[in-house]
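Read through the structure below, which is laid out as structure tokens, and then see the notes.
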Amino acid sequence: MDSTVTDRRDEPHTDFIYCCGAATEVLKFGSCHLQSGHKVLFLIIPGNPGVVGFYRTFMQTIHSMFGYSHPVWAVSHAGHCVPPVSMDMVEDASSAAENDVFGLNGQIEHKLAFIRKHVPIETSLVLVGHSIGCYIILEIMKRNPELKVLKAVMLFPTIERMAQTPQGKVMTPVLCRMRYVAYLPLFLLSLLPESLKTSLIKLVFGGIRSLDHFVLQPTVGLLSGDSAANAMYMGAQEMREVLERDNTTIKNNLNKLIFYYGAPDHWCPVQFFHDIKRDFPHGDFRLCENGFRHAFVLDAGREVARMVVEWIRGDLRT
């Protein structure tokens, strides 16, 4: 009987909504709708691509380790999901273009709008960002300092000098000047049968020994074309706009922030860890000792979630 209950609680719920007029996928473990009595919500802000399905194992582990007492949600980036056939990617194309909803600033405003509409003002937030999601979290805290943020966990944070990183030097010309070249191959891939797409993804991921099988279907979804194009468009803006570290926001929220840097991370080199630790000697900055990759969700979602739970358990007083 107990295992049946546990299995049911481990099953997520998925909502597709319009937020800022753009198709948005919300993955939810625990309560699907928050009432004023909900004290704490874990909200995951993904990296790029902002596909919530990648975080399923990570989220389920957090949810279960806190005894299923706190809902754990992840909100996709605008336009990075594959909406159901009943939905278009945008409600109003001209409005989406005018507000640049798929751009980096548009994605920040998208998360602020989601929180305003779906999270009661008295609910405390544990924000968990991954990669560019960490930059978005800092902007959320800067633009809405009244939010009740209990903790903000920054995993493999790309919050500064992105174009100057080893990976950024490779990807900047691709994303900023050559991404249109990729649109035709993406369109052709989108025409392939689902089974063939899945086989291609398995081939690409074949070298990852402990691959989380839950990431396969979300990756196939990226081959729909529009989602990947929107992710590349956002990526191009990241290279141009993520420049100087926002020291003011970090200083103002230092006691709420936990940063976890990857040792072999080509998106945020170890030097960035040493720099920020030097500049904020009283902050909570951690360097990975386990060799986890930047895209930890591919094979280490459970392990990283366990660490996050241990870091913040005391703050939740469960």
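For clarity, every value in this text was computed on a predicted model and none was experimentally measured.
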Under 3.5 Å, is there a donor-acceptor pair between the side chain of Asn230 and the main chain of Asp226? yes
Using atom types as modelled and distance alone, determine if a side-chain donor or acceptor of Lys197 lies under 3.5 Å from a backbone N or O of Ser190. yes
Can any side-chain N or O of Lys111 pair as donor or acceptor with the backbone N or O of Gln107 at less than 3.5 Å? yes
Is there side-chain contact between Leu211 and Asp299, with at least one heavy-atom pair below 4.5 Å? no
Joint hydrophobic cluster, Met59 plus Phe214, side-chain heavy atoms closer than 4.5 Å: no
Checking ring-ring contact (aromatic ring centres under 6.0 Å, His included) between Phe42 and each of Tyr55, Phe66, Tyr68, which is the one that passes? Phe66
So, Tyr260 versus Trp311, ring centres under 6.0 angstrom or not? yes
Does Arg161 qualify as a cation-pi partner of Phe272, given the criterion of NZ or CZ under 6.0 Å from the six-membered ring centre and within 45 degrees of its axis? yes
Would you find a donor on one side and an acceptor on the other, under 3.5 Å apart, between the side chain of Asn99 and the backbone of Val101? no
Side chain Lys256, main chain Leu150, donor-acceptor under 3.5 Å: no
Would you list the pairs meeting ring pair (Phe, Tyr, Trp, His ring centres under 6.0 Å) in which at least one residue belongs to residues 80-106, sequence neighbours left out? His77-His80
Aromatic centroids of Phe292 and Phe156 separated by under 6.0 Å: no
With no hydrogens and no angle check, is any side-chain donor or acceptor of Thr158 less than 3.5 Å from a backbone partner on Ser131? yes
State whether the side chain of Thr172 and the backbone N or O of Gly168 hold a donor-acceptor pair below 3.5 Å, judged by distance alone. yes
His294 ring center within less than 6.0 Å of His130 ring center: yes
Does the side chain of Phe54 reach to within under 4.5 Å of the side chain of Leu222, using non-hydrogen atoms? yes
